[in-house]
Amino acid sequence: MDPYLLEAAINGLLLAGVLALLALGLNLIFGVIDVVWIAYADLVMCGMYTVYWLFAQFGWPLPIAFAAAILEVAALGALVHLLIIAPILSSAPINQLLATGGLLYFLQSFATLIFSTDFRNIGLRLPIIEIGGLYISYARLLAFAVALAGAVVLYWFLRRTYVGTAIRAIAQDREIVGLMGVDQRRIYLVTSAIGGALAGLGACLLALQYDVHPFIGNTFGPLIFMICVLGGSAT
């Protein structure tokens, strides 16, 4: 095989691990709440800006900046559910799509107003690994490993905890779960926060590899949705 093609395939596969993590978050929200968040990739943009400002501008240690970004986007996910999704949960699906689509344009416009359209980089230079004449991005290798660990932790949470069991049960039959005493509104809120946390983690991993700008969600959003369509809904 052409070494350049093999190198591109490996680096693409490593990036796909991060996109799969983001697709897990979006798919979890869709499978449980039955609402597609058009603006999900723009939550990632918010997390990337948080990492940039805390690490590159204010000098916070990178792990603390990452933790703050994850918590911030998790809180943003819960806030989106409370303020936008919950009031229209029983309305027609087109209204839900319009609401989250409006959020997408709001976040992009707000980020443009505050940060301008300049491309910003956290300024962290990670080495390139050479293996048998192939050059592999260490940032992508690290991001893939963290994304895989995040997916494993999510799997453990959904399989081994009460809240995780409730989330899976609602995804399978929300009516029966309500009759068994599970607070559906609380589970919806927790699910939105978890989806936001996964978006925040993905933002941290992408910030190692890409510049952030207000429209970076347009780059990864379609890919995330395609993964969800090909992978199917969460159960």
Donor-acceptor pairs under 3.5 Å, side chain of residues 202-209 to any protein atom, not counting sequence neighbours: which ones?
unit_1 : atom_1 : unit_2 : atom_2 : d
Q209   : OE1    : R140   : NE     : 3.1
Q209   : NE2    : L205   : O      : 3.2

With sequence neighbours left out, the residues meeting side chain to side chain donor-acceptor pair (under 3.5 Å) with S116 are D118
Which donor-acceptor pairs under 3.5 Å do side chains of residues 30-44 form with protein atoms, sequence neighbours excluded?
unit_1 : atom_1 : unit_2 : atom_2 : d
Y40    : OH     : G195   : O      : 2.7
Y40    : OH     : A199   : N      : 3.4
D42    : OD1    : Q108   : NE2    : 3.3

Once side-chain hydrogen bond (donor to acceptor under 3.5 Å, both in side chains) is applied, what residue pairs with a partner in residues 6-16 remain, sequence neighbours excluded? none
W53, CH2: over 12 other non-hydrogen atoms inside 6.0 angstrom: yes
Counterpart residues, ring pair (Phe, Tyr, Trp, His ring centres under 6.0 Å), relative to Y49 (two or more places apart): F115
Stepwise side chain to side chain contact (heavy atoms under 4.5 Å, CB included) check, Y155 with R160: CA-CA 8 Å; Y155 178 85; R160 301 296 183 183; over 6 Å; no
Is F157 atom CZ crowded by more than 12 heavy atoms from other residues, nucleotides or ligands, each under 6.0 Å away? yes
Please report the shortest heavy-atom distance between A166 and I187, naming the atom on each side. CB-CD1, 3.8 Å
Residue pairs passing the ring-ring contact (aromatic ring centres under 6.0 Å, His included) test where at least one lies in residues 65-92, sequence neighbours excluded: none
The criterion is side chain to side chain donor-acceptor pair (under 3.5 Å); which residues satisfy it with D211, sequence neighbours excluded? N121
Please list, chain by chain and in numerical order, all residues satisfying ring pair (Phe, Tyr, Trp, His ring centres under 6.0 Å) with Y210, sequence neighbours excluded. F220
In short, side-chain hydrogen bond (donor to acceptor under 3.5 Å, both in side chains) pairs touching residues 85-107 with sequence neighbours left out are none
Cluster membership besides L189, Ile/Leu/Val/Met/Phe/Trp/Tyr side chains within less than 4.5 angstrom, sorted by chain and number, is L82
Which residues, ordered by chain and number, are linked to Y135 in its hydrophobic cluster, where ILVMFWY side chains connect at heavy-atom gaps below 4.5 Å, directly or through other members? I128
Can you name the residues that form a ring pair (Phe, Tyr, Trp, His ring centres under 6.0 Å) with F106, not counting sequence neighbours? F110
Taking R159 for its side chain and G164 for its backbone only, find out whether a donor-acceptor pair lies under 3.5 Å. no
